[in-house]
Amino acid sequence: MLTLCVFVSGRGSNLAALIEAIRLGRLDARIALVISNKAEAGALALARANAITALHLSPAQFTSEEAYSSSLLGMLEEHGVGLIVLAGYLKKIPAAVIQHYRHRILNIHPALLPAFGGKGMYGHHVHEAVLDYGCKVSGATVHIVDSDYDTGAPVLQQCVPVLEDDTPERLAARVLETEHEILPRAVQLFAEGRIRIEGRRVTILAKGGRE
Ligand code: GAR
């Protein structure tokens, strides 16, 4: 069975969606580890309430990026992690970890990338920018993580309409519902070996491995 490590920085509603999908039998995986750069993240409490090992780990606790990377890699290996999921994680994953887990790190982003992505584009900033631009649609993207913010190839994207009277909060809530659908779905596709990556092109294979 696929073993996951979920990185989080905030309340953890996407982590909750993964836990629920596993409970309902829609996601054939186990979450071995939840790591947060924020000690007070609600997601850590949520993990602990679900008997999942939850750690506060941040680069600031280490003397160098190398020490941080090797501690992370040691933990990931110890827990037999096959896929890393960034579920509202607002820090960069160190390059050595990205290299080791090449094509095995997924991130959820609350917009249709490549629009409204990049450094500083997280949470409410994204929805404010979408409304300021006057977009008629937004959505959510699950993508492969590469060495930069939000630049890896998309795996799943789903649109959400922008309504005339939207506020950043209302749009965020609507996009979040979509995130909770597509993140567990993308992880399940990975668990089934149905994500084929060639350069920037990600193909979802039919069940049984055919295109
Ligand atoms: C989610 O909307 C996620 O897409 C976003 O943070 C929120 C975390 O919510 N991530 C980013 O903006 C990354 N650039 P959650 O803690 O309730 O899952």
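On a predicted model such as this, the values are computed, not experimentally measured, just so you know. Atoms within a ligand are numbered from 1 in the order they appear, just like the ligands themselves.
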Would you kindly specify which portion of Met121 sits under 4.0 Å from ligand 1, judged on non-hydrogen atoms: side chain, backbone, both or neither?
backbone
Below 4.0 Å, non-hydrogen atoms only: which portion of Leu176 touches ligand 1? Side chain, backbone, both or neither.
side chain
Which of the ligand 1 atoms, numbered from 1, are nearer than 4.0 Å to a heavy atom of Gly88
6 (O), 8 (C), 10 (N)
Ligand 1 contact by Val126, heavy-atom criterion under 4.0 angstrom:
no
Examine ligand 1 and decide if any of its atoms is less than 4.0 Å from a heavy atom belonging to Gly12.
yes
In terms of ring plane angle, is the pair Phe116 and Tyr133 parallel, tilted or perpendicular, where the classes change at 30° and 60°?
perpendicular
Co-members of the apolar cluster containing Tyr122 [side chain, <4.5 Å]
Leu90
For ligand 1 and Asn14, I'd like to know whether there is a polar contact (N/O to N/O, distance under 3.5 Å).
yes
Is the shortest N/O to N/O distance between Tyr122 and ligand 1 below 3.5 Å?
no
Which residue and non-hydrogen atom of the protein lie closest to atom 9 (O) of ligand 1, and at what distance in Å?
Arg11 NH2, 3.3 Å
What protein heavy atom lies closest to atom 3 (C) of ligand 1? Include the residue and the distance to one decimal.
Glu179 OE1, 3.3 Å
When you check the side-chain N and O atoms of Ser138 and His127, is any donor under 3.5 Å from an acceptor?
no
